[in-house]
There are 2 protein chains.
Amino acid sequence: MKWDTLDEEPCSLSRTVAVVGDRWTLLILRECFLRVRRFEAFQSSLQITRHLLSERLKKLVRFGILRRVPYSEAPKRYEYILTQKGLDLYPVIMAMVHWGDTHMGDERGRPLLHEHKSCGKLFDPVMVCSECGDVLHAKQVHVHAGPGRKEAVG
Amino acid sequence: MKWDTLDEEPCSLSRTVAVVGDRWTLLILRECFLRVRRFEAFQSSLQITRHLLSERLKKLVRFGILRRVPYSEAPKRYEYILTQKGLDLYPVIMAMVHWGDTHMGDERGRPLLHEHKSCGKLFDPVMVCSECGDVLHAKQVHVHAGPGRKEAVG
DNA sequence: GGCTATAGTTCTAAAATAGAACTGTCAAAC
DNA sequence: GTTTGACAGTTCTATTTTAGAACTATAGCC
């Protein structure tokens with residue numbers, strides 16, 4: 001497998017995996033959604049090596065998920081802020097958090113609780129069909145080849 | 001970071017990442033949801049090395065995401081089938097697919113289209129609040145430390 | 001007996017990651 | 001005006017993972 005061209009595969013999962021499909025990237029994104037923005041803050045809360053953190057941040061900026069924004073001119077210092085493309089990864093992160101809550105919990109209870117500001121309640125994220133609003137289950141979904149697949153396969 | 005104890009961290013994302021947080025595992029799960037079940041089938045559709053495929057399948061079985069079920073007695077042959085715990089990863093996979101559709105598309109159009117059998121329409125997955133049913137956005141969510149975090153932190 | 005199918009295991013080379021030390025800029029403290 | 005400390009990285013070597021190919025094992029079929 002050539003990971004360097006994975007983002008061009010005719011498969012949206014492959015393309016997403018090419019960008020966020022490794023441990024550190026997902027953990028960095030968690031921190032982003034927890035409002036962490038600075039190099040030192042990522043490093044100390046994740047205990048990631050500085051080398052890898054630097055690499056991963058560059059990659060996230062390259063793919064347009066984070067923006068590198070100066071917050072100090074002298075010395076030049078930057079922070080990393082989620083773009084809209086990055087914010088749109090929220091369902092991915094929340095789906096993983098919810099699966100962890102459901103299947104990887106221990107006797108201590110949930111690590112984090114999520115409150116929905118607009119309704120004021122603690123909630124779980126639920127994935128529904130955009131058309132009928134029903135909860136989605138794998139067995140109720142039928143997959144068709146779309147135009148992008150047909151063109152690629154021939 | 002000690003990846004071998006990541007599944008015990010007081011963070012549901014870490015725990016999920018410990019299990020499915022690498023490229024190959026996510027791609028293998030995609031195949032599972034496309035009804036692939038056998039070693040050779042995974043290997044030829046993913047072009048993964050046999051060694052890694054073997055490792056990843058063992059790990060997914062160990063974590064209860066796949067079951068190794070015999071389908072032939074002589075010679076002994078097994079296939080790998082999603083458990084309920086595995087099926088529950090559907091929102092994670094679909095969230096990634098949808099993000100890829102939205103942000104990593106090219107001029108060829110979507111690789112795959114999803115049809116919801118119960119309503120008969122082509123759909124996108126949408127993440128909503130379990131309490132009020134509204135679409136979730138990162139900025140409308142407030143995070144609290146839960147019991148599992150408080151106990152771990154002290 | 002030889003060929004094929006399936007599900008692996010074993011081996012070496014290449015790539016990625018860990019861990020620690022080092023660089024450079026500037027502010028504030030002494 | 002020299003030292004200290006904060007911040008955001010880069011560079012280096014050692015270890016771990018992954019890639020790629022070859023090999024093993026069981027059994028059916030010709």
Side-chain angles (χ1 to χ4, degrees), chain A residues 1-7 9 14 17-29 31-32 35-63 66-82, chain B residues 1-7 9 14 17-29 31-32 35-63 66-82:
Chain A
M1 172 74 61
K2 46 291 137 225
W3 294 119
D4 46 330
T5 57
L6 190 62
D7 58 324
E9 290 279 298
S14 296
V17 163
V19 185
V20 303
D22 75 283
R23 281 150 146 67
W24 283 126
T25 299
L26 289 163
L27 293 173
I28 288 168
L29 285 169
E31 297 300 305
C32 291
R35 275 75 175 177
V36 170
R37 302 175 156 208
R38 299 189 182 175
F39 190 94
E40 296 294 322
F42 287 112
Q43 203 278 320
S44 73
S45 81
L46 292 173
Q47 296 297 102
I48 182 177
T49 66
R50 308 177 74 76
H51 178 79
L52 269 206
L53 176 57
S54 173
E55 279 250 315
R56 290 294 190 273
L57 290 173
K58 271 183 206 153
K59 182 176 172 187
L60 288 168
V61 169
R62 183 154 37 85
F63 276 106
L66 297 176
R67 254 178 321 135
R68 188 162 172 267
V69 181
Y71 70 89
S72 151
E73 281 304 322
K76 273 272 187 193
R77 300 220 187 290
Y78 299 90
E79 51 190 11
Y80 296 89
I81 300 185
L82 286 165
Chain B
M1 170 75 59
K2 50 281 142 242
W3 294 119
D4 46 329
T5 57
L6 191 62
D7 57 326
E9 290 279 299
S14 297
V17 164
V19 185
V20 303
D22 73 281
R23 280 150 147 66
W24 283 126
T25 299
L26 289 163
L27 293 174
I28 288 168
L29 286 170
E31 297 299 307
C32 293
R35 273 76 174 175
V36 170
R37 303 176 155 205
R38 300 190 181 173
F39 192 92
E40 296 294 322
F42 286 112
Q43 204 278 319
S44 73
S45 83
L46 290 173
Q47 297 296 103
I48 182 176
T49 66
R50 308 177 73 78
H51 179 80
L52 267 206
L53 176 57
S54 174
E55 279 250 314
R56 290 293 190 273
L57 289 173
K58 272 183 202 152
K59 182 176 174 188
L60 288 168
V61 169
R62 183 153 38 84
F63 276 106
L66 297 176
R67 255 176 322 134
R68 188 162 171 269
V69 180
Y71 70 90
S72 151
E73 280 306 320
K76 274 273 187 190
R77 301 224 186 288
Y78 299 90
E79 51 189 13
Y80 296 88
I81 299 185
L82 286 164

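Regarding contacts with the backbone of D/dT17, every side-chain N or O of B/Trp3 stays at 4.0 angstrom or more from both OP1 and OP2.
Counting only heavy atoms from C-beta outward, the side chains of B/Ile28 and B/Ile48 approach each other to under 4.5 Å.
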Please list, pair by pair, any protein nitrogen or oxygen found under 3.5 Å from a nitrogen or oxygen in nucleotides 6-9 of chain D.
unit_1: D/dC7; atom_1: O3'; unit_2: A/Tyr71; atom_2: OH; d: 3.2
unit_1: D/dC7; atom_1: O2; unit_2: A/Arg77; atom_2: NH1; d: 3.1
unit_1: D/dC7; atom_1: O2; unit_2: A/Arg77; atom_2: NH2; d: 3.1
unit_1: D/dA8; atom_1: OP1; unit_2: A/Tyr71; atom_2: OH; d: 2.6
unit_1: D/dA8; atom_1: OP1; unit_2: A/Tyr78; atom_2: O; d: 3.4
unit_1: D/dA8; atom_1: OP2; unit_2: A/Glu40; atom_2: N; d: 3.3
unit_1: D/dA8; atom_1: N7; unit_2: A/Glu40; atom_2: OE2; d: 2.9
unit_1: D/dA8; atom_1: N7; unit_2: A/Arg50; atom_2: NH2; d: 2.8
unit_1: D/dG9; atom_1: OP1; unit_2: A/Arg68; atom_2: NH2; d: 3.0
unit_1: D/dG9; atom_1: OP2; unit_2: A/Tyr80; atom_2: OH; d: 2.6
unit_1: D/dG9; atom_1: N7; unit_2: A/Arg50; atom_2: NE; d: 2.8
unit_1: D/dG9; atom_1: N7; unit_2: A/Arg50; atom_2: NH2; d: 2.9
unit_1: D/dG9; atom_1: O6; unit_2: A/Arg50; atom_2: NE; d: 3.0

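The distance between atom NZ of B/Lys59 and atom P of C/dG8, rounded to the nearest whole Å, is 18 Å. Residue A/Asp4 contributes atom CG, which lies 11 Å from atom P of C/dA15 at whole-angstrom precision. Atom P of nucleotide D/dT17 and atom CG of B/Leu52 are separated by 11 Å, given to the nearest angstrom. Taking atom NE2 on A/His51 and atom P on D/dT13, their separation rounds to 13 Å, with Å as the unit. Atom CD in A/Gln43 sits roughly 11 Å away from atom P in C/dA20 (whole-Å rounding). In this structure, B/Leu46 atom CG and D/dG20 atom P are separated by 14 Å, rounded to whole Å. Atom P of nucleotide C/dT6 and atom CZ of B/Phe42 are separated by 15 Å, given to the nearest angstrom. Per the geometry, CZ belonging to B/Arg37 stands 16 Å off P belonging to C/dT6, to the nearest Å.
Distance alone, capped at 3.5 Å, places no donor-acceptor pair between the B/Gln43 side chain and the B/Thr49 backbone.
In this structure, the side-chain hydrogen bond (donor to acceptor under 3.5 Å, both in side chains) partners of A/Tyr80, at least two apart in sequence or on a different chain, are A/Arg68.
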Go through the steps to decide whether B/Phe63 and B/Val20 satisfy the test side-chain contact (heavy atoms from CB on, under 4.5 Å), and finish with yes or no.
-> CA-CA 10 Å; B/Phe63 276 106; B/Val20 303; over 6 Å; no
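Scanning both residues, B/Ser14 and A/Leu27, for their nearest heavy atoms gives OG-CD2, 3.7 Å.
Annotation: cation-pi geometry satisfied between B/Arg38 and B/Tyr71 (NZ/CZ under 6.0 angstrom from ring centroid, within 45° of ring axis).
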